[in-house]
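As the structure is a prediction and not an experimental result, all values here were calculated from the model. Below, read A as the first sequence line, B as the second, and so on, with proteins coming before strands; counting in each chain starts at 1.
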Amino acid sequence: MRIATWNVNSVNARLPTVLAWLEAAAPDVACLQEIKCVDEKFPREALEGLGYNVETHGQKSYNGVAILSKHPLSDVRRGLPGVDASGYEAEAEQSRYIEALIEAPRPVRVGCIYLPNGNPVGTDKFAYKLAWYDRLHAHARDLLALEEPFTLCGDYNVIPTPEDARNPAAWTGDALFQPESRAAFQALRHLGLADAGELGGQPPGTFTFWDYQAGAWQRDHGIRIDFHLLSPQAADRFQSVETHRDARDMEKPSDHVPVVIELED
DNA sequence: ATGTCCTGAAGTTCAGGA
């Protein structure tokens, strides 16, 4: 089974790009982040036309996540359990997590993550990011107790190590490279999750994001912030990982590229 | 590494987020 994660930066603004990539890469499952629309405005029919079942957790203007699957989906969860303790955005939960069980002959659970960016550092947004990491940590621990194959994949909005940036010095003041953000990601991994990039032996410089500004793509000023974190039962089935760098050169590209893993069927 | 893009409300431009 091939499972993709991709922050598309608005599914409607980029629909032809998204459809073209899905058609060519043909993943069995695709986790999309930053769909930037409510459920009613998600281009459901176009994606069903490619053979996908669709589950969304949308939001007006910002955020929003979706899971597409050629296999049936069940046990769908929208939003992480737990209360946001930071007080930020207390009036409305942000749509940043959707999870489903992929009903293949050998099932896999998939959690689709759009972690808060957290900039600027020192504001309630940064506190919200760290609180969200705590909630994800608690949920990952609960999932691990089930001893099932799963991937928690998506935009983690963290640069885990200096090797994950072309120019780490440029990121020292950024929420993505703060010690607290890096520690939260590290703690999550230390629950016993495997980074698919590491399992697949991806070399340093396998970036997944290049800013639209300042010629970041042309200069390869990228960062690696999109990950598949695998449970032990999924890691046992791991076969390969591919980062689709070419997608950054498509017409009307997202600023992120897809990362696709293959698990043994 | 600040050279852009997206959304929505206002009203063909701007604020806010990333």
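- Using a 4.0 Å cut-off, no side-chain N or O of A:Lys252 falls inside it from OP1 or OP2 of B:dC5.
- For B:dT7, the OP1/OP2 oxygens have no side-chain nitrogen or oxygen of A:Arg14 closer than 4.0 Å.
- Atom-to-atom, CZ of A:Phe209 to C1' of B:dA18 comes out at 7 Å; the value is rounded to the nearest Å.
- Atom CG in A:Asn7 sits roughly 17 Å away from atom P in B:dG17 (whole-Å rounding).
- Checked by atom type, the side-chain pair A:Asp226/A:Thr5 shows no donor-acceptor distance below 3.5 Å.
- Using a 4.0 Å heavy-atom distance criterion, A:Asp211 is classed as a base contact.
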Extract all donor-acceptor atom pairs below 3.5 Å that involve side chains of residues 46-53 of chain A and protein atoms in other chains or at least two apart in sequence.
| from | atom 1 | to | atom 2 | distance (Å) |
| --- | --- | --- | --- | --- |
| A:Glu48 | OE2 | A:Arg44 | NH1 | 3.4 |
| A:Tyr52 | OH | A:Pro27 | O | 2.6 |
| A:Asn53 | ND2 | A:Ser69 | O | 3.1 |
| A:Asn53 | ND2 | A:His71 | O | 3.1 |

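- Salt bridge status for A:Glu93 with A:Arg135: present, with a side-chain N to carboxylate O gap under 4.0 Å.
- Within residues 171-184 of chain A, the residues having any heavy atom closer than 4.0 Å to DNA chain B are, in order of number, A:Trp171.
- Using P as the reference atom, B:dA10 and B:dG16 are 13 Å apart when rounded to the nearest Å.
- Considering only residues two or more places apart in sequence or on other chains, A:Phe238 meets the ring-ring contact (aromatic ring centres under 6.0 Å, His included) condition with none of them.
- Aromatic rings from A:Trp6 and A:His256 are positioned such that their centres are separated by 6.0 Å or more.
- Across A:Arg219 and A:Arg166, no two heavy atoms sit closer than the pair O-NH1, 3.0 Å.
- With the nearest nucleotide of DNA chain B identified for both A:Ala214 and A:His256, A:Ala214 has the one nearer the 5' end.
- A donor-acceptor pair shorter than 3.5 Å can be found between the side chains of A:Lys36 and A:Asn9.
- Across all their heavy atoms, A:Leu199 and A:Ala235 have their closest contact at CD1-CB, 4.1 Å.
- We find that CZ of A:Arg219 is positioned 9 Å from C1' of B:dG3, with the value rounded to whole Å.
- Within the 4.0 angstrom heavy-atom criterion, only backbone atoms of the sugar-phosphate kind lie near A:Tyr114; the bases stay farther away.
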Q.
Does the protein touch nucleotides 8-14 of chain B at the base, only the backbone, or not at all? Give it as B, S and - per nucleotide, heavy atoms under 4.0 Å.
A. SS-----

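- Spacing between atom CD of A:Gln59 and atom C1' of B:dA18 amounts to 14 Å, rounded to whole angstrom units.
- For A:Thr206, the side-chain contact (heavy atoms from CB on, under 4.5 Å) criterion is met by A:Gln202, A:Pro203, A:Thr243, not counting sequence neighbours.
- Separating the C1' atom of B:dT7 from that of B:dT12 is a span of 16 Å, rounded to the nearest Å.
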Name the atoms and distances for all side-chain donor-acceptor pairs under 3.5 Å in residues 179-191 of chain A, with sequence neighbours left out.
| from | atom 1 | to | atom 2 | distance (Å) |
| --- | --- | --- | --- | --- |
| A:Ser181 | OG | A:Ala175 | O | 2.7 |
| A:Arg182 | NE | A:Pro160 | O | 3.1 |
| A:Arg189 | NH1 | A:Glu198 | OE2 | 3.0 |

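- Between the C1' atom of B:dT7 and the CD1 atom of A:Ile35 lies a distance of 14 Å, rounded to the nearest Å.
- When distances run from any side-chain atom of A:Arg96 to the nucleotides B:dG16, B:dC5, B:dA18, the shortest one goes to B:dA18.
- A straight line from CD1 of A:Ile223 to P of B:dA18 spans 14 Å, rounded to a whole angstrom.
- Between A:Tyr212 atom OH and B:dC5 atom C1' there is a gap of 6 Å when expressed in whole angstrom units.
- Summarising the geometry, the separation between CG on A:Leu15 and C1' on B:dC6 is reported as 15 Å, rounded to the nearest angstrom.
- In terms of position on DNA chain B, the residue among A:Pro253 and A:Gly215 whose nearest nucleotide sits closer to the 5' end is A:Gly215.
- Between the P atoms of B:dT2 and B:dC14, the separation comes to 23 Å (whole Å).
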